[in-house]
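Notes follow the structure.
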Amino acid sequence: MKAEKSRNFALEIVCILLVFLFLFPFFLVLVNAGKESAGIIIDPIGLPNNLTQIFTNMGNVINSSNFSYWASFANSAFITVVTLTLLVVFSSMAAWVLARNKKRWSSIIFLIFVAAMVIPFQVVMLPILSTFRNISTMTGIQMLQSYGGVIFAYLGFGGSMSVFILHGFIKGIPYELEEAACIDGCSPEGIFFRIIFPLLKPVEVTVLILNGIWIWNDYLLPSLMLGLNGKIKTLPIAITSFVGSYVKQWDLILTAALLAMLPVIILFLFAQKQIIHGMVEGAIK
Amino acid sequence: VKSAKKNICLASIAVGIAAVVYAIILIMNKSESSLRSPLLIIGFLLSILGIFKLPCKKHKSIMNVVFLFPLLFTFAVTVIIPFIIGIFYSFTNWDGIGFTKFVGLQNYITMFSSPDYLYSFVITFIFTVVNMISVNVVAFSLALIGTSNLRGRNFYRAAYFIPNLIGGIVLGYVWQFIFNKVFTSIFAGSVSMLTDPNLAIAAILIVSTWQYAGYIMMIYLTGLQGVPRDVIEASNVDGATSLKTLFKIKIPMIANTFTVCIFLTLVNSFKQFDLNLAITNGAPSRLLGDSVVQGTSFLALNIFNTAISKNQYALGQTKAVVFFIILAVVSLAQVTINKRKEVEL
């Protein structure tokens, strides 16, 4: 018993040291966001002398025209929320149709979705740009440098994995449930929206979290579709354009980084269990 | 009531189709009218709604199509069509807008004879293998520590997991600061790791392991928690040391988890882009024979730079196609090996 206690004590020390090691970069961001540029050069590790400097820096960053924090935050939030809402509804609908129709066409479509998960963004990013440009000039529907285009692209890209995850879950829902509802006079779309969609909640959370983290942090797709200096900037783009214009001004860059991290960290503190669960579930499937 | 509903639906379909047809006529005539896009979208939605609500015997099939359509349409336009024309473009002299002639395999030949690409290929390969090992070793060790009955283990896990939630771009800039300012200040007089190509690759490796290990740890934890308690107790009763329990019982029982984790890290390291861009953006350059190449530009960044910065779209697309083929082969191999293993078990 005693041996186990001392072993646990040693392990705890190791764990705490590791926590320090893992969180050290965040500590550095926090302390240096509260210093002036000169203070960082002199001592990048120590605590800031002036506790109000962090608010001065934040004010400078938030009001900078390259970063425009609130606008970028709102853009990121808007794109993420709209995409996730549509994605969860559309992919549940598609997955349900594919799972409940055991025909040749449904298995072919499902197979295409699964196979497409291997396709990396790099191989389609250049043709997408020209496809979207062509659609815009032909139909007048603005696809590049618009919310609609980015959301459309995310739906297409997030779709295959979401369908795959949801499909597996729907197969486990007993078909008798739907038959019973059918006998009671429920229409097929009523069966989906009143019975299946609410039952899918646990997997839908997984789909939301996996895609949400990806879309919120994604850089490549919006950088190509919105441009680095376009009207609409998401947070990752805003920070890149900010770094580009304030080269080596680490006090401001780190403050910007802090502001960009804050929303996700706050969200994580509130929904830690769901986020970890969702990301692990998604990976295992 | 029923016939009234039917009539409304039919009217909606008729109006919708008329709007779509008018929009198509405008498009065919190369009109710049701002009416064409709303007409197209509203007309389309009207006719879909009409067909969907129309009371008829084929309702279930119609619903199937309507339910599949949104996702399938976005998927086709953003993935399938660009994928197919992308492969096609790799055989032309495409410049991002159009192409004038077929060049056969010329792009592929140019690609495989350009030193910057071959160099990217080699460093990406090395990075992928080393990163895969380091992430899995760190993650598995963390998971082993995490399964013992420690107070506050949820807190430790959360702390290891956090870096994974923040995007590679933001983390990359933070680490660029750490390598350039903090480390050079702690080890006074030293130069930044990012000034030497080899050390800069090692730097990206450190950050990548730091960012990803917590996530992979969580997957290992789920696997380890699935090992039945009584099996471990039985081995303890039989006098197995904890090391023996680990190697003879725990690791074989979570072989499946290992495959998942190795595959995930493999694919992710191979696609590494965000950290690469934010930490080094390819710098510093390196002399290779008599040509200068970017010292730390992995394949994904190389593709991006070829197309976007150097404006060589066809060449960039060709590199991307090869990038895809490698990923597809690796994934296929992984699936087959996994299947074979599952049969053995």
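Below, chains carry the letters A, B, ... as their sequence lines are ordered, and counting in each starts from 1. Because the structure is predicted, anything quoted here is derived from the model rather than measured.
Between A:Tyr219 and B:Phe273, the ring-plane angle classifies as parallel under the 30° and 60° cut-offs. Ring-plane geometry between B:Trp210 and A:Phe26 is classed as tilted, the angle between the planes lying from 30 to 60 degrees on a 0 to 90 degree scale. The aromatic rings of B:Tyr160 and A:Phe22 sit tilted, their planes meeting at an angle between 30° and 60°.
With a 4.5 Å cut-off on non-hydrogen atoms, B:Ile178 touches chain A through its side chain but not through its backbone. Interface residue B:Ile166: backbone and side-chain heavy atoms are both found under 4.5 Å from chain A. Residue A:Met125 touches chain B through its side chain alone, counting heavy-atom pairs closer than 4.5 Å. Only the side chain of B:Phe161 comes within contact range of chain A, with at least one heavy atom under 4.5 Å from a heavy atom of that chain.
A donor-acceptor contact shorter than 3.5 Å is absent between the side chain of A:Asn217 and the backbone of B:Gly168.
Interface remark: of the candidates B:Phe83, B:Tyr173, B:Phe324, B:Tyr173 forms the most heavy-atom pairs closer than 4.5 Å to chain A. Contact count against chain B (heavy-atom pairs under 4.5 Å) is highest for A:Leu220 among A:Leu224, A:Ile213, A:Leu220, A:Ile253.
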- [ ] Go through the steps for A:Leu28 and B:Val182 under the test side-chain contact (heavy atoms from CB on, under 4.5 Å), then give the verdict.
- [x] CA-CA 9 Å; A:Leu28 287 173; B:Val182 180; 3.9 Å; yes

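Contact check for A:Glu189 versus B:Val66: no side-chain heavy atoms found under the 4.5 Å cut-off.
Shown here are the side chain to side chain contact (heavy atoms under 4.5 Å, CB included) partners of A:Ser146, two or more places apart in sequence or in another chain: A:Gln142.
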